Amino acid sequence: GSALQQMGLSQATSMKDADVVVLNSCVVRQSAEDKVTGTLGILKPLKADNPNRIVALMGCMVGPKTDDLRARFPYVDTFMRPQQYQPLLELLGDRMGIDAEGCLGTLVPPRASVTAFIPIIHGCDKFCTFCIIPYRRGREISRPAPEIVHEITVMVDRGVKDITLLGQNVDSYGHDIRPRLDLADLLEQVHEISGLERIRFLTSHPNDMSVRILEAVRDLPKVCENINLPFQAGDDALLVNMRRGYTIGQYLEKISQVKETIPGVNLTTDLIVGFSGETDNQFERSLDVLRAVEFDKVHVAAYSNREGTYASRNMPDTVDRSIKKARLVAIDEVQQKIQTVKNAKLVGRAFEVLIEGRKRSRLHGRTRGDKLVYIDTQNSQSLEPGQTMLVEITSSSPWSLEAYLAPFNYADDGNNSHRVNKEKVPVA
């Protein structure tokens, strides 16, 4: 978006009004790719009505080879792999008669929000049987650390306070860089950026989350005590069929290590229900994991056959759709009870909240542990997004917290890299 603005384009209100349409694709689930395909169908007559309209497809749907996509969608002008914008910029430069490379500065938006997401490693080497990502996005390639640090520095200069470092397996960062780096090294470098307040990262893999990474989370004040660690299934036989590379016992040992290393850590996870052949007993073991760990949040999805994956070729989708839906409901019921109890324990305690915005006259923001907090604005009309305030939790639900400004708020020193008294202000 920033590059297009620098080239003189502005955002249109609809596809029909746009001279340039960029469709960003996700292929994690078949339903997401189907939605993209449907939107491309809508664009076909729009392109026919205005042949000068530029249509671009980017994201995970675009793999290393585009012959099939070009045959299916001949009216699309250019195809771009994730984070590779250059083909569109060069096409626009040719159409507009300008040197795209010469006229573009940083691609960071001129008016950034309080939070931002930065991809640090592309692709995946794990080849889980249910996942299409390695085939679409290729093998893991880490971005150079200086490039990442520069990008974040520019964002912080424009108002970003909370950065999330992204990767399909973010803990693998740096294994392909020489001299070799790892995620802990990158966290240390990003931590030095003046004005940045919070650092997060996801998604992690149990086999790659090293003690060094956990200790960096514990020891670096700006890195939030918030870990996302998918387990995907609670049964060892299913984990073998998924090619996850660990047993549930090993996973729970890793969780214990995380809790011991990072006091007050907030844990989230990803879970699939209804994977090929999953029995009622195997599903119950996933519920057992939820009860044992007591995650702060669970992202759950019903398994769907994904064309092109190992599972689609070798593991029939045998679990009935109605059973998958019932299992989703069961997961939600168990997890809602867990989150109800965990969040209720936070009432009456004080936490740092980074304000992200205002909805319906209420401020909202998040704690270091990624808890959503709505703040009573009775005495807070002067507060703006980007400020970090102490709040006292007044009530809770499974999904969010209510709070008012604590009477003992500290003055923002402009850098705000310190934590508030950790003895009096527990992490949430």
Side-chain angles (χ1 to χ4, degrees), residues 106 108 112-121 142-167 169-175 177 179-204 208-229 257-258 260-268 351-356 365-371 386-390 410 412-423 425-428:
T106 173
V108 177
S113 62
V114 175
T115 61
F117 297 87
I118 306 293
I120 65 169
I121 180 170
S142 302
R143 296 179 61 198
E147 179 181 299
I148 296 168
V149 171
H150 172 72
E151 188 172 328
I152 296 174
T153 300
V154 173
M155 285 188 165
V156 171
D157 288 343
R158 295 180 179 178
V160 170
K161 302 285 187 179
D162 186 321
I163 289 287
T164 300
L165 308 177
L166 295 178
N169 288 310
V170 71
D171 298 336
S172 296
Y173 176 80
H175 73 88
I177 293 177
R180 186 162 178 160
L181 296 175
D182 68 11
L183 181 61
D185 296 310
L186 182 63
L187 290 172
E188 290 173 356
Q189 293 185 37
V190 173
H191 189 274
E192 296 303 309
I193 297 174
S194 178
L196 180 63
E197 294 184 19
R198 294 178 174 181
I199 306 167
R200 310 176 191 274
F201 58 91
L202 56 87
T203 299
S204 294
D208 296 326
M209 177 158 278
S210 67
V211 173
R212 187 161 185 260
I213 292 171
L214 295 177
E215 289 175 345
V217 177
R218 179 194 65 194
D219 297 338
L220 295 172
K222 294 181 184 179
V223 180
C224 294
E225 302 80 1
N226 187 207
I227 298 292
N228 174 267
L229 197 61
Q257 185 183 55
V258 172
E260 290 168 6
T261 306
I262 309 170
V265 67
N266 279 48
L267 286 164
T268 63
F351 299 96
E352 287 181 299
V353 170
L354 175 59
I355 298 171
E356 296 179 9
R366 294 184 182 270
T367 66
R368 292 175 58 88
D370 205 33
K371 299 277 189 183
Q387 291 180 271
T388 300
M389 308 300 294
L390 277 178
Y410 62 97
D412 188 342
D413 63 3
N415 187 26
N416 208 7
S417 61
H418 60 284
R419 292 182 188 174
V420 179
N421 187 325
K422 285 188 281 188
E423 298 300 318
V425 185
V427 172

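These figures come from a predicted structure and were not determined experimentally.
In this structure, V223 and R368 approach most closely via the heavy-atom pair O-NH2, 3.0 Å. The shortest non-hydrogen separation linking L181 to A145 is CD1-CB, 3.9 Å. The two residues P144 and Y173 have their closest heavy-atom pair at C-OH, 3.8 Å. Looking at every heavy atom in both residues, A184 comes nearest to A216 through CB-CB, 4.1 Å. Scanning all heavy atoms of the two residues, the minimum distance from T367 to F351 falls at CG2-CB, 4.2 Å. Heavy atoms only, all atoms of each residue included: N226 and N266 are closest at ND2-O, 3.3 Å.
Considering only heavy atoms from C-beta on, I152 comes within 4.5 Å of I118 through its side chain. With contacts defined as side-chain heavy-atom distances shorter than 4.5 Å, the pair K161/T388 does not qualify. Looking at E352 and R198, their side chains come closer than 4.5 Å, going by heavy atoms from C-beta outward. Side-chain contact between L165 and L186 is present, with heavy atoms from C-beta onward closer than 4.5 Å. With contacts defined as side-chain heavy-atom distances shorter than 4.5 Å, the pair E225/P263 does not qualify. Within the 4.5 Å cutoff, no side-chain heavy atoms of I355 are placed close to those of V114. Side-chain atoms of I121 and L183, non-hydrogen and from C-beta on, never get closer than 4.5 Å to each other. Side-chain contact between S204 and N228 is absent, with no heavy atoms from C-beta onward closer than 4.5 Å.
A donor-acceptor pair under 3.5 Å links the side-chain atoms of K222 to the main chain of I193, judged by distance alone. Judged by distance alone, the side chain of R143 and the main-chain N or O of I148 form no donor-acceptor pair under 3.5 Å.
Annotation: the span from L229 atom CG to L202 atom CG amounts to 11.5 Å, rounded to 0.5 Å. Within the model, atoms OG1 of T203 and CG of D208 stand 12.0 Å from one another, a figure rounded to the nearest 0.5 Å. Rounding to the nearest 0.5 Å gives a distance of 10.5 Å between OG of S142 and CG of D182. Distance check, rounded to the nearest 0.5 Å: CD1 of I199 to CG of L220 gives 7.0 Å. Once rounded to the nearest 0.5 Å, the distance linking CD of Q387 with CG of L354 reads 10.0 Å. We find the OG-CZ distance between S113 and R158 to be 13.0 Å, quoted to the nearest 0.5 Å.
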Show your working on side-chain contact (heavy atoms from CB on, under 4.5 Å) between T115 and R366 and close with a plain yes or no.
CA-CA 10 Å; T115 61; R366 294 184 182 270; over 6 Å; no

Between M155 and E151, is a side-chain contact (heavy atoms from CB on, under 4.5 Å) present by the stated rule, with each step listed?
CA-CA 6 Å; M155 285 188 165; E151 188 172 328; 4.3 Å; yes

Checking side-chain contact (heavy atoms from CB on, under 4.5 Å) for the pair I163/F117: CA distance, chi angles, key distance, verdict?
CA-CA 6 Å; I163 289 287; F117 297 87; over 6 Å; no

Using the side-chain contact (heavy atoms from CB on, under 4.5 Å) rule, take R218 and V265 through it: C-alpha gap first, then chi angles, then the decisive distance, then the call.
CA-CA 9 Å; R218 179 194 65 194; V265 67; over 6 Å; no

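With sequence neighbours left out, the side chain to side chain donor-acceptor pair (under 3.5 Å) criterion links R200 to D162.
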